[in-house]
Amino acid sequence: MEISIKNHLTHSDVFADSAFPLSVLRRTPQAPFPSHTHDFSELVIVYGGKGIHFTDDEEYSVSSGDVFVIQGSRAHGYRQLEDLMLINIIYDDINLPFPKEDLLDLKGYHALFTWEPRLRHEHNFQSRLRLSHRDLAEALKQAELMEKETELKLDGYRFICLALFMQLCGFLSRHYDTSKVPQMKDLSRISGVLSFLEQNTDRFVSISEITEFSAMSESTVLRLFNKTTGFSPIEYHSRLRIQKVCHLLSTTSKTITEIAFDTGYGDSNYLSRQFKKIMGMAPRDYR
Ligand code: RM4
Ligand code: NI
């Protein structure tokens, strides 16, 4: 399918089947593509050539064996390409009927799909997934089955495609988790904790709860967490909660007191003090 070049791609620009938010786009080669955002996410599997993948504030060279996720709202593009070959699996995580609960204990999943993209800048792309020849061939085989299903559209193809995508996500997540690359190993070990903190932005979480959740010793969690994010778990959690406050301030008309309740700060004065510390301004001014 030919895609017109726009800075924001919506579902109808890319999904051939409007009732199914999962599709496989092969780029042989990927053409230079200006900075753009989308309503959906992309799982990129690079299998040949090289080039520069850039975002608003960084650029990385990518080559065969690199696998990474682009979360839709993040602007990105490609330039200086030399026969960059890739398979782009585009999906809309919100509308995919994916049994997410079953993924929660798959540490590599959190790392690959959520935290590597979000910490990519801090990690300078060093914690991206890199596959060996053999594993790349296996991932491609699975992606190709999906590709064929989406082309042929035989009866039940959505069902089968979804199953294949789940299998591929599981395969890649396991590879992420068992990697020997130190940056990937650390991120994988701590990503479950990161997701736990993000799922609990409506309350305060203590360090002993974090330690218990992680099943590591307190000193290991603290060390790994700091190494991976640059912050202590409590500080990072405050930042996640303040991010949520920002979101509520800009997307709802809730009062500061209500927002303080929703994010575990309890009262508006305490919230305002914490907000000022991180954002450098009062919640009202932010709004
Ligand atoms: C482009 C490139 C982009 C993707 C679009 C759909 O060729 O791969 O990242 O968003 O296709
Ligand atoms: Ni894109």
Side-chain angles (χ1 to χ4, degrees), residues 21 40-41 43 68-74 91-123 127 129 165-166 169-170 172-174 176-177 184-218 220-252 254 258-266 270-271 274-275 278-279 283:
F40 47 86
S41 296
L43 170 65
F68 54 98
V69 168
I70 295 153
Q71 293 168 342
S73 53
R74 198 84 202 269
Y91 62 96
D92 170 2
D93 16 16
I94 315 265
N95 292 315
L96 266 188
F98 221 75
K100 271 256 171 78
E101 324 71 64
D102 294 335
L103 278 170
L104 295 185
D105 58 353
L106 195 51
K107 286 180 266 154
Y109 169 78
H110 298 286
L112 177 63
F113 285 83
T114 309
W115 295 101
E116 189 283 322
R118 285 170 64 171
L119 292 166
R120 190 167 292 157
H121 183 62
E122 289 78 355
H123 292 187
S127 45
L129 175 61
F165 186 51
M166 285 167 56
C169 291
L172 295 174
S173 299
R174 279 195 182 156
Y176 197 105
D177 191 39
M184 284 168 63
K185 239 167 97 175
D186 290 346
L187 185 56
S188 194
R189 286 185 74 192
I190 214 70
S191 62
V193 175
L194 281 162
S195 294
F196 170 72
L197 293 180
E198 179 150 72
Q199 281 147 18
N200 287 286
T201 45
D202 56 342
R203 64 185 183 94
F204 175 77
V205 174
S206 70
I207 194 69
S208 56
E209 199 182 337
I210 294 171
T211 307
E212 196 184 329
F213 175 86
S214 72
M216 292 182 243
S217 73
E218 185 174 316
T220 307
V221 182
L222 292 178
R223 182 180 54 77
L224 269 181
F225 202 97
N226 208 290
K227 201 170 150 203
T228 338
T229 65
F231 295 99
S232 74
I234 299 295
E235 173 71 15
Y236 199 82
H237 190 222
S238 305
R239 287 172 181 263
L240 291 173
R241 283 155 76 205
I242 293 296
Q243 250 174 43
K244 182 169 168 189
V245 172
C246 290
H247 181 73
L248 292 173
L249 285 170
S250 49
T251 59
T252 70
K254 288 187 170 186
E258 283 169 326
I259 294 179
F261 268 107
D262 289 351
T263 50
Y265 287 103
Y270 183 50
L271 166 61
Q274 298 302 313
F275 194 90
I278 292 176
M279 301 299 294

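As the structure is a computational prediction, the values presented were derived from the model and not from experiment.
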- Less than 4.5 Å apart, any side-chain heavy atom of Arg174 and any of Asp177? no
- Evaluate the side-chain proximity of Ile278 to Ser238: yes if any heavy-atom separation is below 4.5 Å, no if none is. yes
- Message: Using a 6.0 Å cut-off, check whether atom CD of Glu212 has over 12 heavy atoms from anything other than its own residue.
- Response: no
- Query: How many angstroms lie between atom NE2 of His247 and atom OG1 of Thr252, to the nearest 0.5 angstrom?
  - Reply: 8.0 Å
- Rounded to the nearest 0.5 Å, the CE atom of Met184 sits from the CG atom of Leu129 at a distance of 4.5 Å
- Query: Under 3.5 Å, is there a donor-acceptor pair between the side chain of Ser191 and the main chain of Lys107?
  - Reply: yes
- Ignoring hydrogens and angles, tell me if any N or O in the side chain of Gln71 forms a donor-acceptor pair with the backbone of Phe113 under 3.5 Å. yes
- Item | Rounded distance (nearest 0.5 Å) linking atom CZ of Phe225 with atom CZ of Phe231 | 9.5 Å
- Might you point out which heavy atoms bring Ile190 and Val221 nearest each other, and give the distance in Å? CD1-O, 4.0 Å
- Task: Please report the shortest heavy-atom distance between Leu43 and Tyr91, naming the atom on each side.
- Result: N-CE2, 3.9 Å
- Kindly give the heavy-atom pair with the smallest separation between Arg189 and Met216, and that separation in Å. O-CE, 3.4 Å
- Task: Give a yes or no on whether the backbone of Gly192 and the side-chain of Ser195 come within a donor-acceptor separation of less than 3.5 Å.
- Result: no
- Item | Value rounded to 0.5 Å, distance of OG in Ser41 from CG in Asp92 | 7.5 Å
- Does a side-chain heavy-atom distance below 4.5 Å link Glu116 with Leu187? yes
- Report yes if the side chains of Thr263 and Phe275 come closer than 4.5 Å at any heavy-atom pair, otherwise no. no
- Heavy atoms, side chains only, cut-off 4.5 Å: are Met279 and Cys246 in contact? yes
- Message: Once salt bridge (Lys or Arg N to Asp or Glu O under 4.0 Å) is applied, what residue pairs with a partner in residues 238-252 remain, sequence neighbours excluded?
- Response: Glu235-Arg239
- Item | Smallest separation among heavy atoms of Pro233 and Leu222, with atom names | CD-CD2, 3.6 Å
- Would you check if Leu271 and Ile242 make a side-chain contact, meaning some heavy-atom pair closer than 4.5 Å? yes
- Query: Is the side chain of Ser188 donor-acceptor paired with the backbone N or O of Lys185 at a distance under 3.5 Å, no angle test?
  - Reply: no
- Nearest heavy atoms of Ser214 and Val193, plus distance in Å: CB-CG2, 3.6 Å
- Give a yes or no on whether the backbone of Thr228 and the side-chain of His123 come within a donor-acceptor separation of less than 3.5 Å. yes
- To the nearest 0.5 Å, tell me how far His110 NE2 sits from Tyr176 OH. 13.0 Å
- Message: With a sphere of 6.0 Å drawn around CZ of Phe261, does it hold more than 12 non-hydrogen atoms of other residues, nucleotides or ligands?
- Response: no
- Query: How far apart are the closest heavy atoms of Pro21 and Leu96, and which atoms are they?
  - Reply: O-CD2, 3.9 Å
- Item | His237 (side chain) donor-acceptor with Asn200 (main chain) under 3.5 angstrom | yes
- Output the distance between atom OG1 (Thr114) and atom CG (Leu194), rounded to the nearest 0.5 Å. 9.5 Å
- Task: Compare all side-chain heavy atoms of Val205 with those of Phe196 and state whether any distance is below 4.5 angstrom.
- Result: yes
